[in-house]
Amino acid sequence: MPDPDIAAVADFAPRLLAWYDRAARNLPWRIAPGSAVTPDPYRIWLAEVMLQQTTVAAVAGYFARFTERWPSVADLAAADDADVMAAWAGLGYYARARNLLACARTVVADHGGVFPDSEAGLRALPGVGDYTAAAVAAIAFGRPAVVVDANIERAIARHRLIATPLPAAKRAIRAALAPLVPRDRPGDFAQALMDLGATICTPRSPACTRCPVAADCAAFAAGTAESLPLKPPKKAKPQRHGRAWWIESDARLWLVRRPDNGMLGGMRALPGGAWDEPPASDDGAVSVRHGFTHFDLTLTLVRRGVEDAAGEGEWWPISALDAAGLPTLYRKLVDKMRESDR
DNA sequence: CACACGTGGGT
DNA sequence: TACCCAAGTGT
């Protein structure tokens, strides 16, 4: 592949930023382009962690509740683990919430409550990987970091027609992106590229006719934009089965806390067995199907007596179960049970 | 490098 | 219905 035209490289950021100045999405954690407001690293970091593998629409409500309840990193660091986990319930990938707390406490304990302002300093924090360190460095601190998320991967793979399958293509994508990052407005540049990927350079049916950088997009010229980037084939999801126990006493339900490692780690849950049972045949039993990333689970509810409420746990008023912060799997099961009881 | 790790919305 | 996908990180 020949090197792209020097003039095209020099022109990329100005074109993209001019489009962003006009078309930027208005998001709760975002400082509008041109605003004189200084970004709050805490809010940028919080939003970036919430947005990992999670849609803007899903994050908005959580971001509002977290920043209302814990306005600063010191407030979050001082929070109870159970409160933070419950507030995260439903957002998924719960290791993020455990790392979020660990990160907030590290910032307070080791950095005087001030986020590191360098990519390397950020990268050393719990739950902050290559993407988040670069994004916070660029957006909160104006560092010319090379920010690469799935949107940017897709846009650059198309623009430069990088036909290597992911994840091997990441090296070439990063190399192609690095010289495009402007010293001026690197944070807006990263967000502009993400907006482009989210609204124009979409996975399916990209709107190339509205793209501000289509003029020198190699995949557009070749007519192959929609096919890029190439992805590895996905594998079949196993079907798994398990049982959860409904242990009720005096209008309260026995809840436990799942171990920090593994599925739904650290979250409140109904007690039960491992998810490795043969398919249940209890006719008429309350059960739910729930699709996880790498397996599908059918979870069946079984009534048990109070003698099974052993070990660590809490009696939770059934009328207040919504406040328990159950992950979606258990919330679906509980909702179905309460419905069938009526 | 490959895999574990959630969930909800779009098609 | 089924599959795809989303501002990834840790191991």
Side-chain angles (χ1 to χ4, degrees), chain A residues 24-25 27-30 43-63 85 88-100 102-103 122-140 145 147-155 165-171 187 189-199 201-206 226 229 231-240 258-267 269 275 288-297 299 325-332:
Chain A
R25 288 178 291 173
L27 302 174
W29 44 85
R30 176 175 284 178
R43 294 168 60 90
I44 303 299
W45 160 77
L46 177 63
E48 290 303 337
V49 173
M50 287 183 166
L51 286 161
Q52 291 166 7
Q53 294 288 285
T54 308
T55 57
V56 162
V59 164
Y62 287 86
F63 181 81
M85 298 310 286
W88 196 276
L91 202 52
Y93 284 149
Y94 298 102
R96 291 184 295 169
R98 299 193 301 275
N99 286 328
L100 189 82
C103 182
L122 291 159
R123 182 66 179 81
L125 296 169
V128 176
D130 289 341
Y131 162 75
T132 303
V136 174
I139 298 168
V147 180
V148 185
D149 80 321
N151 287 303
I152 297 177
E153 253 174 29
R154 183 172 60 252
L166 292 172
K170 286 171 182 286
R171 178 182 299 275
F189 177 78
Q191 295 177 93
L193 223 30
M194 290 190 272
D195 274 20
L196 187 77
T199 64
C201 197
T202 48
R204 280 164 297 186
S205 307
E226 186 160 12
K231 299 212 166 177
K234 49 260 164 222
K235 16 182 107 160
K237 278 196 211 178
Q239 304 292 321
R240 295 169 65 174
R258 293 180 61 84
D260 274 345
N261 295 321
M263 291 294 299
L264 312 178
M267 299 300 287
W275 299 339
V288 295
R289 287 196 52 181
H290 191 74
F292 290 113
T293 305
H294 54 296
F295 63 92
D296 287 327
L297 176 68
L299 192 61
L326 293 173
T328 300
L329 165 68
Y330 293 106
R331 187 181 50 69
K332 291 199 311 197

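Heavy atoms only: backbone and side chains are in, while hydrogens, waters and symmetry mates are out. Labels below follow one simple rule: chain letters A, B, ... track the order of the sequence lines, proteins then strands, and each chain is numbered from 1.
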> Under the side-chain contact (heavy atoms from CB on, under 4.5 Å) test, which residues partner A:Asp130, sequence neighbours left out?
Replying inline: A:Arg123
>> Both A:Thr55 and A:Asn261 contact DNA chain B. Which one's nearest nucleotide lies toward the 5' end?
In response: A:Asn261
>> Using every non-hydrogen atom in the two residues, find where A:Met85 and A:Gly265 come nearest and quote the distance to one decimal.
In response: CE-O, 3.7 Å
> Sequence neighbours excluded, which residues qualify as side-chain contact (heavy atoms from CB on, under 4.5 Å) partners of A:Thr199?
Replying inline: A:Trp19, A:Arg25
> Who are the side-chain contact (heavy atoms from CB on, under 4.5 Å) partners of A:Lys170, not counting sequence neighbours?
Replying inline: A:Glu153, A:Leu166, A:Pro167
>> Going 5' to 3' along DNA chain B, which are the first and last nucleotides with any atom under 4.0 Å from a heavy atom of chain A?
In response: B:dC1 to B:dG8
Pull out every protein N or O sitting under 3.5 Å from an N or O of nucleotides 7-11 of chain C, one pair per line with the distance.
{"from": "C:dA7", "atom 1": "OP1", "to": "A:Asn151", "atom 2": "OD1", "distance (Å)": "3.1"}
{"from": "C:dA7", "atom 1": "OP1", "to": "A:Asn151", "atom 2": "ND2", "distance (Å)": "2.3"}
{"from": "C:dA7", "atom 1": "OP2", "to": "A:Asn151", "atom 2": "OD1", "distance (Å)": "2.4"}
{"from": "C:dA7", "atom 1": "OP2", "to": "A:Asn151", "atom 2": "ND2", "distance (Å)": "2.7"}
{"from": "C:dA7", "atom 1": "O5'", "to": "A:Asp149", "atom 2": "OD2", "distance (Å)": "3.2"}
{"from": "C:dA7", "atom 1": "O5'", "to": "A:Asn151", "atom 2": "ND2", "distance (Å)": "2.4"}
{"from": "C:dA7", "atom 1": "O4'", "to": "A:Asp149", "atom 2": "OD2", "distance (Å)": "2.8"}
{"from": "C:dA7", "atom 1": "N9", "to": "A:Tyr131", "atom 2": "OH", "distance (Å)": "3.4"}
{"from": "C:dA7", "atom 1": "N7", "to": "A:Glu48", "atom 2": "OE1", "distance (Å)": "3.3"}
{"from": "C:dA7", "atom 1": "N7", "to": "A:Glu48", "atom 2": "OE2", "distance (Å)": "3.0"}
{"from": "C:dA7", "atom 1": "N6", "to": "A:Trp29", "atom 2": "NE1", "distance (Å)": "2.9"}
{"from": "C:dA7", "atom 1": "N1", "to": "A:Arg25", "atom 2": "NH2", "distance (Å)": "3.2"}
{"from": "C:dG8", "atom 1": "OP1", "to": "A:Ala150", "atom 2": "N", "distance (Å)": "3.3"}
{"from": "C:dG8", "atom 1": "OP2", "to": "A:Gln53", "atom 2": "N", "distance (Å)": "3.0"}
{"from": "C:dG8", "atom 1": "OP2", "to": "A:Gln53", "atom 2": "NE2", "distance (Å)": "3.2"}
{"from": "C:dG8", "atom 1": "O5'", "to": "A:Gln53", "atom 2": "N", "distance (Å)": "3.4"}
{"from": "C:dT9", "atom 1": "OP1", "to": "A:Gly129", "atom 2": "N", "distance (Å)": "2.8"}
{"from": "C:dT9", "atom 1": "OP1", "to": "A:Gly129", "atom 2": "O", "distance (Å)": "3.4"}
{"from": "C:dT9", "atom 1": "OP1", "to": "A:Thr132", "atom 2": "N", "distance (Å)": "3.0"}
{"from": "C:dT9", "atom 1": "OP1", "to": "A:Thr132", "atom 2": "OG1", "distance (Å)": "2.8"}
{"from": "C:dT9", "atom 1": "OP2", "to": "A:Asp130", "atom 2": "N", "distance (Å)": "3.4"}
{"from": "C:dT9", "atom 1": "OP2", "to": "A:Tyr131", "atom 2": "N", "distance (Å)": "3.2"}
{"from": "C:dG10", "atom 1": "OP1", "to": "A:Gly127", "atom 2": "N", "distance (Å)": "2.5"}

>> Regarding A:Leu91, tell me which of base, sugar-phosphate or nothing describes its non-hydrogen contacts under 4.0 Å with the strands shown.
In response: base
> For the pair made of CZ in A:Phe292 and C1' in C:dC5, what is the distance, rounded to whole Å?
Replying inline: 18 Å
> Would you say C:dC4 has OP1 or OP2 under 4.0 Å from some side-chain N or O of A:Lys234?
Replying inline: yes
>> If the condition is side-chain contact (heavy atoms from CB on, under 4.5 Å), which residues does A:Arg240 pass it with, not counting sequence neighbours?
In response: A:Trp275, A:Phe295, A:Leu297
> Excluding sequence neighbours, so at least two apart, what forms side-chain hydrogen bond (donor to acceptor under 3.5 Å, both in side chains) with A:Lys237?
Replying inline: none
> Given atom CD of A:Gln239 and atom P of C:dT1, what is their separation to the nearest angstrom?
Replying inline: 14 Å
> Which residues satisfy the side-chain hydrogen bond (donor to acceptor under 3.5 Å, both in side chains) test with A:Arg96, sequence neighbours excluded?
Replying inline: A:Thr54
>> Tell me every residue that passes side-chain hydrogen bond (donor to acceptor under 3.5 Å, both in side chains) with A:Arg43, counting only those two or more places apart in sequence or in another chain.
In response: none
> When we call it a touch if two heavy atoms are under 4.0 Å apart, what does A:Gly90 touch: a base, just sugar-phosphate, or nothing?
Replying inline: sugar-phosphate
> Start at the 5' end of DNA chain B and walk down; is the nucleotide closest to A:Ala168 or to A:Arg96 reached first?
Replying inline: A:Ala168
> With sugar-phosphate meaning primed atoms plus P, OP1 and OP2, does A:Thr328 contact a base, only sugar-phosphate, or nothing at under 4.0 Å between heavy atoms?
Replying inline: sugar-phosphate
> Roughly how far, to the nearest 0.5 Å, is the OG1 atom of A:Thr132 from the CD atom of A:Gln52?
Replying inline: 4.0 Å
> Nearest-Å distance, NZ (A:Lys235) to P (C:dC3)?
Replying inline: 16 Å
